[in-house]
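Remarks on the structure that follows.
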Amino acid sequence: MTQTQTARAAPRGGSLARRARDAGMSPHHWYPAAFSHEIPRGGVTSTRFSGDDLAVYRGADGVVQVVEDRCPHRQIKLSHGSVEGCNLVCLYHGWTFDRSGALVDMKHDHFGKRLPVVSVRAYPTRERYGIVWFFPGDPELATVTPLVEIPHADEWASLRFHYTWRAHHSMIIDNLCNLTHLWVHGSWVPYGDTVLADHTLVGDKITLLWEHDLRRDWMHPFTSRFFRKGKGSNESDTFMIYDYPYQSALSNRRVRSTNFMLPMDDTTTRVFTFQLWEPPTLAGRKVPRPLWDLAMPALKPVAAEIFRQDGFTVEEEQISYLRHIDRPIPEPNPAVKRFNELTVRKWEQHLEYQRTGSLSEADLAEQTRTKVL
Ligand code: FES
Ligand SMILES: [Fe+2]
């Protein structure tokens with residue numbers, strides 16, 4: 001249990017939307033700490049989960065570990081230090097911690113005494129899909145909680161990057177899943193009219209089906225080939241999943257955007273994103289994957305501009321939300337209620353778990369289910 005998690009009260013009440021804005025994210029899931037390539041052997045970096053500082057380092061054996069980013073000696077961040085073998089050494093007096101978080105050495109006189117018995121918290125850590133995952137919740141639940149599965153992650157070409165927005169995670173999920181906001185993107189996206197054809201909430205999973213007409217303007221001769229349902233068609237669809245706490249959107253079965261949120265604090269969220277594109281067929285043959293990989297950088301400027309538009313808007317929403325905290329939040333899209341219900345329920349479930357140390361049978365079934373995006 002972390003300081004932030006204990007300090008935070010239950011959602012304060014009021015409207016469902018306001019309770020969602022007050023909720024934290026359940027720590028009992030695998031969250032992304034960093035992309036693997038950001039941490040070479042012997043490298044260390046820092047991040048945060050729900051206000052708690054974390055150090056992420058890779059030992060000489062190539063194995064990565066997430067630990068509490070606080071030296072127990074003078075409380076400075078261990079991520080300022082260095083990696084020695086498979087241990088993390090504090091910058092200041094050289095107190096040295098092994099992968100389990102235990103103090104194993106001090107780089108100074110021991111004054112004839114034994115090493116103090118002190119440790120830092122070490123989080124269950126895994127690596128898959130080029131992401132370092134860690135489990136900030138109850139370590140016992142980590143042993144029964146599967147890592148998420150990302151279909152086509154190894155077969156389709158991808159753009160992978162993360163962005164950090166100064167906004168609450170419930171605003172980010174609203175942005176990712178609620179396509180009524182496509183207005184903000186103007187003609188940067190290929191869609192003209194978009195309607196919500198279906199949405200359901202079962203357990204911890206929301207699915208949505210959006211149907212679109214495609215734009216027929218000069219900006220989209222290339223992208224509409226990917227997004228249209230068939231030759232000559234002017235229609236497309238987007239099948240979305242929010243399987244708490246992971247989000248994914250598959251457009252026309254060919255382009256998948258998969259997003260993993262890291263709630264850093266109450267008003268800061270980092271999102272790790274995979275933009276996966278199925279290799280197209282040209283003259284009856286699939287474009288070879290290595291060739292298709294070369295096309296990905298060409299998509300980056302468009303993706304960057306679309307994410308800039310989203311980022312500017314959700315950060316503005318966060319500022320305005322706090323400025324007008326007592327104003328109602330009207331919402332015509334019925335699916336948004338589902339996101340907020342799920343956000344509030346999962347946070348309350350976590351608070352209940354803190355009190356009782358147990359999950360209901362239904363909640364345990366969701367906890368141990370493999371999430372496939
Ligand atoms: S502050 Fe870390 S070793 Fe002294
Ligand atoms: Fe957007």
Side-chain angles (χ1 to χ4, degrees), residues 44 46 53 55 57 67-84 87-98 101-111 113 115-121 159 161-165 167 169-194 196 208 210 212 215 219-220 223 227 236 238 240 242 247-251 255-259 261 269 271 273-275 299-318 333 335-336 339:
V44 54
S46 63
D53 292 314
Y57 75 97
V67 296
E68 177 187 359
D69 199 5
R70 180 192 65 86
C71 177
H73 186 212
R74 294 288 186 271
Q75 324 299 332
I76 77 165
K77 286 186 174 184
L78 285 172
S79 57
H80 294 312
S82 56
V83 177
E84 187 182 80
N87 298 333
L88 189 54
V89 184
C90 180
L91 170 78
Y92 201 177
H93 313 86
W95 285 27
T96 303
F97 302 87
D98 70 9
L103 180 72
V104 292
D105 194 13
M106 301 185 297
K107 307 290 189 189
H108 58 73
D109 188 0
H110 292 196
F111 305 101
K113 296 178 188 163
L115 278 177
V117 180
V118 291
S119 61
V120 293
R121 180 175 173 185
L159 274 180
F161 53 94
H162 58 63
Y163 48 89
T164 306
W165 289 339
H169 55 86
S170 66
M171 293 177 187
I172 308 294
I173 203 64
D174 180 28
N175 174 266
L176 287 168
C177 291
N178 182 4
L179 293 188
T180 57
H181 87 273
L182 290 184
W183 171 258
V184 78
H185 298 303
S187 50
W188 283 89
V189 291
Y191 306 126
D193 290 332
T194 294
L196 180 63
L208 305 101
W210 297 89
H212 321 274
R215 287 180 181 276
M219 275 193 63
H220 296 286
T223 47
F227 290 96
S236 183
T238 301
M240 243 177 215
Y242 181 40
Q247 192 269 358
S248 159
L250 178 64
S251 293
V255 181
R256 185 192 299 280
S257 172
T258 298
N259 301 286
M261 291 188 289
T269 307
V271 183
T273 184
F274 286 21
Q275 304 289 315
L299 297 170
K300 216 167 179 179
V302 177
E305 173 56 19
I306 290 173
F307 280 90
R308 187 200 63 76
Q309 293 162 353
D310 283 321
F312 172 79
T313 319
V314 294
E315 291 188 345
E316 279 295 301
E317 179 184 356
Q318 177 67 61
N333 179 355
V336 171
F339 312 142

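Side chains included, hydrogens not; waters and symmetry mates left out as well; all remaining heavy atoms used. Both ligands and their constituent atoms are indexed starting at 1 by order of listing.
Atom 4 (Fe) of ligand 1 has His73 ND1, His93 ND1 as its protein N, O or S neighbours under 2.8 Å.
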Run the side-chain contact (heavy atoms from CB on, under 4.5 Å) check on Asp53 and Ser46 step by step: do they pass?
-> CA-CA 7 Å; Asp53 292 314; Ser46 63; over 6 Å; no

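Residue Phe97 is tested with Leu78, Val89, Val67 for a side-chain contact (heavy atoms from CB on, under 4.5 Å); the sole match is Leu78.
Between Trp95 and His108, the ring planes lie tilted relative to each other; the angle falls in the 30° to 60° range. Aromatic ring pairs are classed by plane angle as parallel below 30°, tilted from 30° to 60° and perpendicular above 60°; the pair Tyr163 and Trp165 is tilted.
Taking each heavy atom of Met106 and Pro116 in turn, the nearest pair found is SD-CD, 3.9 Å.
With the Fe ion (ligand 2) as the vertex, atom NE2 of His185 and atom OD1 of Asp310 span an angle of 90° (nearest 10 degrees).
Listed by chain and residue number, Glu84, Asp105 satisfy the salt bridge (Lys or Arg N to Asp or Glu O under 4.0 Å) test with Lys107 (two or more places apart in sequence, or in another chain).
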